[in-house]
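Below: one structure, written as structure tokens.
Small disclaimer: the values here were computed from a predicted structure and weren't measured. Counting begins at 1 with the first residue of the sequence. When a ligand or atom number is given, it counts from 1 through the structure's own listing order. Side-chain atoms are counted along with the backbone in the values below, which use heavy atoms only and exclude waters and symmetry mates.
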Amino acid sequence: MKKNQFNTKFGVVAATVGSAVGLGNIWRFPYEAGAHGGGAFLIVYLLFVLILGIPVICAEFLIGHSSGADVYTAFTKLNGGRLWRLVGRMGLAAALLILGFYSVVAGWTVEYIYQSVISFGGATTADELHAQFGAFSSDAVKPLWWILAFLAANYVILIRGVGKGIERMSNILMPLLFVILLVFVINSLMLPKAAEGLEFLFKPDFSAITPSVVLGALGQAFFSLSLGLGCLITYASYFRADTPLVKTATISALLDMLVAIMAGVIIFPAVFTYGQEPSAGPQLVFEVLPSIFLNMPGGIVWATLFFILLFVASLTSTLSMFEILIAYMERSLSMSRLKAVSLTLMVVIVLSTLCSLSFGKLDGIRVFGLNLFSLSDYLSSNILLPVGGILISIFAGWIVERHTVRLELLGSAPSTLLRISVRIIIFNLRYLAPIGIGLIFIFGL
Ligand code: PFF
């Protein structure tokens, strides 16, 4: 058994799903959908996952699996010129930017584990919960401690390496998260204004679809699938030789989509029942979930469990982001793992501190009207990831040898269905993804 390898097929899926499923589904999806018209956003997002997401996941998988390399060297190993290293550099930059703001939200989940235990300090109404979140997130010190606690957990797991740390944790906790979400879905469906919430989420108002909503939905699809920055290139380099790439890509994309829809079904009925605003922004989930728990039998216990699992879901996602940077430093810069982990962590501590303070003391620093937190999110999700997606598609569709692409995606004994799927995937990578993402990008900006 090699040290840096996922050990079982289930482990491969669980780790990939672990990377995909995280705050992107449960925190980011509901607030983006809420801010962009609900149903219209959902439909565009789903289409992007199916038409562009699955092929680009396959592209990252085949690049990582056949090169066995990190995001920086993978392209040159597969006959790309040195210019392709730029994609690698962009991926590394995106990983740092995302880690910066993601760790802040992960820190919020730790605070909310504590808040659950103390029953949200007696706050019950929407206004009280709103004030409570505002006071906490704009505090100069308190959120920083939770960010550090979260990053410390990352550190401990990362120094143990991929197989043991990441795989073991994903195997147990991902299925558990799923079960808990199911309980909350059922609870939300029984709320008085469930119908209104579901209508908001599922009934598309096509007039709400503007180019910037479409770009937002594309960014959400890429963010949620951990796509466009080489995370899945890195993970695929740890896959075993016989890992079925297309199947793994499809299962992870569908599960990821399902979790986002479940999060929407949990949040929106509650938003309408408890008189909250669907377009509240990044704080939406942290203000709505407590309302749900406070009105549920055994709510405190459920709330605690939920925020613990959300914490873990964030952890399995940040581990995969860290791994992009660490794999690069270990393999391309020949650093020791310990040194690579420590160095990356220090940079992330600085970035996340800045992002956290942008809700309070540093709120005045704005670029295009966005504070540092939202700016990191916008730059990475709506610019770096889609551009990375275009380049990765072009690379897999046009630069990697056709023979290698087919061998990687088809495996040894392909079924007819797999052959047809692979044809469609290759077509999408060569034409649809570069042109489609390119157009969305130009109009959306
Ligand atoms: N997909 C993760 C989520 O939805 O929470 C976020 C993420 C993980 C983005 C890994 C990018 C990445 F490389």
May I have the list of side-chain donor-acceptor pairs in residues 214-223 shorter than 3.5 Å, sequence neighbours left out?
unit_1, atom_1, unit_2, atom_2, d
Gln220, OE1, Arg28, NH1, 2.6
Gln220, NE2, Gly24, O, 3.0

Any luck finding a side-chain donor-acceptor pair between Glu32 and Tyr45 under 3.5 Å?
no
Ser320 and Ser19: side chain donor to acceptor below 3.5 Å:
yes
Write down, by chain and number, every protein residue that brings a non-hydrogen atom to less than 4.0 Å from an atom of ligand 1.
Ser19, Ala20, Gly22, Leu23, Gly24, Asn25, Tyr102, Phe223, Ser224, Ser226, Leu229, Cys231, Ser317, Ser320, Met321, Ile324
Name every donor-acceptor pair, under 3.5 Å, that has one atom in a side chain of residues 383-399 and the other anywhere in the protein, sequence neighbours excluded.
unit_1, atom_1, unit_2, atom_2, d
Ser393, OG, Gly389, O, 2.7
Trp398, NE1, Arg430, O, 3.1

Please list all pairs passing the ring-ring contact (aromatic ring centres under 6.0 Å, His included) test where one or both residues lie in residues 308-339, with sequence neighbours left out.
Tyr72-Tyr328, Phe150-Phe311
If you compare all heavy atoms of Leu189 against all heavy atoms of Ala194, which two are closest, and at what distance to 0.1 Å?
O-CB, 3.4 Å
